[in-house]
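The structure appears right after this line, and notes come after that.
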Amino acid sequence: MSIFKRTRKAIEDWLQSDLKDYPKDTRIAVFGAASYARFIAETLPKLGYDNILFTVSYPRFRTLDGLEVMSIWDLEANGVELVLSGSLSNTEGQRDFIREEGGVQLPFLGIANGKTLCVEPREDRCDPARLASLHNRHEGERFYVIANGPSLNETPPEAIADGIRLAANGIVLREGFCPDYYFMIDQVGIDLWESQVLTLEAPVILASHIDGLHQREDSLYRFPVCFSVSDEAIDPYEAGVPVGGTVVNAMMYFAAYMGASEIVIIGLDNNYHGQQTHFSEAYRPKSFPELTDDMKDWWAKRQANGIWATVGVLQKRGVRVMDATAVDNRLGLERCPFHALTGRPS
């Protein structure tokens, strides 16, 4: 069963089980506005529940998919009786947030074991045969997973002469470099870099929920996203592709799927302190809000947990993972000096 079908069934089974004691006219708020939350709201009427709305911390729009969007601070005053988590990976975090920050003491339900389910269950845009064509395409080769931290300027990917180079997101801002495969997992990437991505000669491997890049369909591979996978199989369409807070996980997973014998990571600073958080000052527009140090630490820990989980899956399958990042990124992976890989002097 593909991850799409498995996810839809899991959602319907969860809702039928957890809502069996709630009357059909229960006023229900779905916390979140992303794809998974929207699918929950679409599924509830099929089960007979039609008194539904969305809730978020600070609404930027009044309606979504024809339903009202309400602030968490307004829930109890407007007769909401139950809140459903719109998160697959952080149900407890959502619950604690609305209770501690919003003072909301309503019943709060979330799906169990959601990390291995697809974050976009609404529409299957993937082509299984196309994804399968990548399997073992570069069997036995070394892969480079190229992140976008500031230390990338100390380990220039342009110096890599061998192997398969995977890179993502704002790497398109780097003049004179084109990866062998380009990745994107967030919709915001289209807003920031669509024009540059459209000029790439490399194939684009794109999360299925992202809209845009229609001109690239001839060299586009869409994949389903989840937060983590089991170590039983590496199969993008059936099991999903883990992201765990960073596109690096997706690139490592695809490297293994394409036949990597070993993976070398560069530019993965996993440290967001300081003024410059990426290799280019133009990476994040000045209009983007600055993260607090606490948020930066939280994000680094979240990424580290996702990376360790993915590396564990790959190592069990005999894929060696090395880290040639030029700074201590607190990941504890096997280290590899970059100059030894390129023949450049240290």
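Count residues from 1 along the sequence. Please read all numbers here as calculations on a predicted model, not as lab measurements.
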Does a sphere of radius 6.0 Å around [atom1] in [X] hold more than 12 heavy atoms from other residues, nucleotides or ligands, not counting ones at 6.0 Å or beyond?
X    : atom1 : answer
N113 : CG    : no
Q187 : CD    : yes
K24  : NZ    : yes

Geometric cation-pi criterion, R165 with F143: 6.0 Å, 45° |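 The answer is no, since R165 fails at least one limit relative to F143.
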Regarding R130 and the six-membered ring of Y221, is the cationic atom NZ or CZ under 6.0 Å from the ring centre and inside 45° of its axis?
->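 Judged by the rule (NZ or CZ under 6.0 Å from the ring centre, within 45° of its axis), R130 counts as positioned above Y221.
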If the plane angle is over 60° it's perpendicular, under 30° parallel, otherwise tilted; pick one for F108 and F31.
->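 It falls in the perpendicular class, over 60°.
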Can you label the angle between the Y283 ring and the H278 ring as parallel, tilted or perpendicular, going by 30° and 60°?
->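 Taking H278 first and then Y283, their aromatic rings lie parallel (interplane angle under 30°).
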Answer whether the closest heavy-atom distance between the side chains of [X] and [Y] falls below 4.5 Å.
X    : Y    : result
V30  : T55  : no
N249 : M251 : no
F223 : Y253 : no

L200 reachable from I210 in the ILVMFWY side-chain graph, under 4.5 Å edges |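 Yes; L200 is reachable from I210 via cluster members.
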With no hydrogens and no angle check, is any side-chain donor or acceptor of [X] less than 3.5 Å from a backbone partner on [Y]?
X    : Y    : answer
D65  : L67  : no
D74  : M70  : no
T26  : P23  : yes
W308 : L331 : yes
H209 : I185 : yes
W73  : E101 : yes
S17  : D13  : no

Got a salt bridge between [X] and [Y], using NZ or NE/NH1/NH2 to carboxylate O under 4.0 Å?
X    : Y    : value
D297 : K301 : no
E334 : R320 : yes
R137 : E139 : no
R6   : E238 : no
D162 : R142 : yes

Please round to the nearest 0.5 Å and tell me the distance separating atom CZ of R330 and atom CG of D328.
->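 The CG atom of D328 is 8.0 Å from CZ of R330, to the nearest 0.5 Å.
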OG on S85 to CG on L109, rounded to 0.5 Å =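 If we round to the nearest 0.5 Å, L109:CG and S85:OG are 9.5 Å apart.
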Aromatic contact, F254 with F183 (centres under 6.0 Å) |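 Ring centroids of F254 and F183 are less than 6.0 Å from each other.
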Taking the six-membered ring for Trp, are the ring centroids of Y181 and H138 within less than 6.0 Å of each other?
->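 Distance test on ring centres: under 6.0 Å, yes.
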Would you tell me whether R95 and N90 have side-chain atoms, one donor and one acceptor, within less than 3.5 Å of each other?
->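 Short answer, no.
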Which heavy atom of D18 sits nearest a heavy atom of G110, and at what distance?
->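 Minimum heavy-atom separation between D18 and G110: OD2-O, 4.4 Å.
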Kindly give the heavy-atom pair with the smallest separation between T277 and P150, and that separation in Å.
->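 Nearest heavy atoms, T277 then P150: O-CD, 3.3 Å.
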Identify which one of I265, I263, T325 satisfies the side chain to side chain contact (heavy atoms under 4.5 Å, CB included) criterion when paired with L333.
->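 Among I265, I263, T325, the one that satisfies the side chain to side chain contact (heavy atoms under 4.5 Å, CB included) with L333 is I265.
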